[in-house]
Amino acid sequence: MYALIDCNNFYCSCERVFNPKLEGKPVVVLSNNDGCVISRSEEAKLLGIKMGTPAFMFEDFFNKNNVAVYSSNYTLYGDLSDRVMKTLIEFVPRLEVYSIDEAFLDLHDLPYIDLLELALKIKMSVHKRIGIPVTIGIAPTKTLAKMANKFAKKKRKDVGCFWAANDKLIDEMMDSTEVGDIWGIGAQYAKILKKNGFQTALELRNAPEEWIRVNMTVVGQRLLNELRGVPSIEWEFIIPAKKNICCARGFGILIKTKHELSEALASYAANVGEKLRRQKSCAKTINIFVQTNPFRRDDKQYMRSMTTDLPVCTNNTAMLIKYALKVLDRIYLDGYNYHKCGFLALDLIPEDQVQYSIYDAVESPKEKTISKTLDKLNKVHGKDLIRYAAQGYGKKWKLKQARLSPCYTTRIDQILKVKN
DNA sequence: TCTGGGGTCCTAGGACCC
DNA sequence: TCTGGGGTCCTAGGACCC
């Protein structure tokens, strides 16, 4: 059996952990740049606030309804996520961290007769220790466990756990699940499936394999197996190294000059460099893109991206910045209102497998030490304590984060004060 | 009349996930 | 004024090789 455990309205729940006044009140968390709603508490959902709605359109509505609004604070959410995962691993021999707020637990060969009892124990424990409410779904495959989790949220709200323990329960669950709500079926496939007469997961389970193969490729075939109770998605107990690492962001304001664009780009390159070093990878290729804001209909639109091979695979920030700016020189055009740019590191390889030729400028041990020290200092004191000159100083373009909560658990200067 | 076959690599685009 | 960011996998088609 597989369990999928999912933190309820995770980002909102994180904000509540350190601010209990928010309990019972509508809370929303916004995307980067305070753009869209990306997490909603139950109360906010009841008010009819939809996922992805642009915040600026709802300013008045938020005020009128006393909605607590937060900028996203990934440092805080990441740290609380780690703590949740650490609690989970105490209950099972193996777990797969699937996302910041989800994990699959391997329940095979556990001494429990009643897995629901185990689920309740886990749920209570996470709530008591971290303060985050969770929902747990248990079923014979990953896809069904995902479904069981959704089913628990919908039909077993009081317990917050559901175990699809036998055929009857599995059928009941699948009958009440629309195809579009199946893990792996997005809007496009949902449309195709409904057009061809498959409305529920139960109906899809009985679909002819050949038809699925032709219309949904091997991905669909794998899904069909999973629905039929045959596990077809591998475990990933060890988080695999990323194949691409990217940093792309819209600016807090529109920018026009290459100088400002280059500061932003250099900062994103530095961010990617840090992530590369953390996973001990080097990039062979980089891609840089710039674009205007497509929502501004009256603005002249421009977008351009360019990929280039680096002379040597590297994760050294200075090198990444140097080549990023070279590419920018080639794709920047004067006279546009730029809204976003990005830096992608592609074709990553482990840093101990980099092939040098005899003529290559190899990173010196001194440079390595500099990078390490820089990463360490920035980790403790916040992201840009130390930066390269190319990243600039004023940062007019930086993200809008008007309603950021403190990093309660990772920054000593922002720790919660009980009493002054 | 009749114009090979088998393979790899790369890229773009489409689908999905949180 | 203001509309997210960061990933994965699969397929098709073209270039190229022998």
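Chain A is the first sequence line, chain B the second, and so forth, proteins listed ahead of strands; every chain is numbered from 1. FYI, side chains are in, hydrogens and waters are out, and symmetry mates aren't considered; it's all heavy atoms of this structure.
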Inset, instruction - Describe the nucleic acid contact of A/Asn293 in one word from base, sugar-phosphate, nothing, applying a heavy-atom distance below 4.0 Å. - result: sugar-phosphate

Inset, instruction - Five pairs at each end of the helix from B/dG5-C/dC18 to B/dC18-C/dG5: take the axis at both ends and give me the angle between them to 10°. - result: 0°

Legend entry - Segment of DNA chain C, first to last nucleotide, that comes within the 4.0 Å heavy-atom reach of chain A: C/dT1 to C/dT11

Legend entry - Near-ring test A/Phe18/A/Tyr408, centroid separation under 6.0 angstrom: yes

Inset, instruction - Under 4.0 Å between any heavy atoms, over every strand shown, what does A/Arg213 touch: base, sugar-phosphate, or nothing? Just pick one. - result: sugar-phosphate

Inset, instruction - Could you tell me whether A/Asp375 and A/Arg277 have a side-chain N and a carboxylate O separated by less than 4.0 Å? - result: yes

Inset, instruction - Determine the contact category for A/Glu102: base if any of its heavy atoms lies under 4.0 Å from a base atom, sugar-phosphate if only primed atoms, P, OP1 or OP2 are that close, otherwise nothing. - result: sugar-phosphate

Legend entry - Contacts of A/Val17 that satisfy side chain to side chain contact (heavy atoms under 4.5 Å, CB included) - sequence neighbours left out: A/Leu80, A/Ile132

Legend entry - Side-chain (A/Gln279) to main-chain (A/Lys242) donor-acceptor, under 3.5 angstrom: yes

Inset, instruction - Identify whether any heavy atom of A/Asn244 sits under 4.0 Å from a base atom; if not, whether one sits that close to sugar-phosphate; answer base, sugar-phosphate or nothing. - result: sugar-phosphate

Inset, instruction - Using a 4.0 Å heavy-atom cut-off across all strands, classify A/Leu30 as base, sugar-phosphate, or nothing. - result: nothing

Legend entry - Heavy atoms from other residues, nucleotides or ligands near CD of A/Glu90 exceed 12 (cutoff 6.0 Å): yes

Inset, instruction - Could you tell me whether the side chains of A/Thr135 and A/Asp6 share a donor-acceptor contact shorter than 3.5 Å? - result: no

Inset, instruction - Name the residue closer to the 5' end of DNA chain C, choosing between A/Phe251 and A/Lys243 according to the nucleotide with the nearest heavy atom. - result: A/Phe251

Legend entry - A/Leu193: which of A/Gln199, A/Met216, A/Gln188, A/Glu203 passes side-chain contact (heavy atoms from CB on, under 4.5 Å): A/Met216

Legend entry - Distance, P atom - from B/dT3 to C/dC18, rounded to whole angstrom: 25 Å

Legend entry - Residues within residues 1-12 of chain A bordering DNA chain B, heavy-atom distance below 4.0 Å: none

Inset, instruction - Evaluate the criterion side chain to side chain contact (heavy atoms under 4.5 Å, CB included) for residue pair A/Tyr70 and A/Tyr11; output intermediate values, then yes/no. - result: CA-CA 9 Å; A/Tyr70 286 90; A/Tyr11 299 168; over 6 Å; no

Legend entry - A/Tyr388 to A/Leu374 - nearest heavy-atom pair and separation: CE1-CD1, 4.0 Å

Inset, instruction - Look at all strands and tell whether A/Ile100 reaches a base, only sugar-phosphate, or nothing, counting heavy atoms closer than 4.0 Å. - result: nothing

Legend entry - Partner set under side chain to side chain contact (heavy atoms under 4.5 Å, CB included) for A/Leu346, not counting sequence neighbours: A/Asn244, A/Thr285, A/Asn287, A/Thr307, A/Leu344

Inset, instruction - Could you check whether A/Gly342 gets within reach of a base, just the sugar-phosphate, or nothing at all, counting any heavy atom under 4.0 Å? - result: nothing

Inset, instruction - Compare all side-chain heavy atoms of A/Ser13 with those of A/Pro133 and state whether any distance is below 4.5 angstrom. - result: yes

Inset, instruction - Return the residues of residues 186-203 of chain A meeting this criterion: a heavy atom under 4.0 Å from some atom of DNA chain B. Order them by number, or give none. - result: A/Gly186, A/Ala187, A/Gln188, A/Tyr189

Inset, instruction - Name the nucleic acid region contacted by A/Ile182, choosing base, sugar-phosphate or nothing; use a 4.0 angstrom heavy-atom cut-off, strictly under. - result: sugar-phosphate

Legend entry - A/Glu178, CD: over 12 other non-hydrogen atoms inside 6.0 angstrom: no

Legend entry - Nearest-nucleotide comparison on DNA chain C, the residue closer to the 5′ end among A/Asn33 and A/Gly252: A/Gly252

Inset, instruction - Would you check if A/Phe343 and A/Tyr323 make a side-chain contact, meaning some heavy-atom pair closer than 4.5 Å? - result: no

Legend entry - Audit row: A/Tyr268, A/Cys341, side chain to side chain contact (heavy atoms under 4.5 Å, CB included) steps and yes/no: CA-CA 9 Å; A/Tyr268 301 170; A/Cys341 73; 3.6 Å; yes

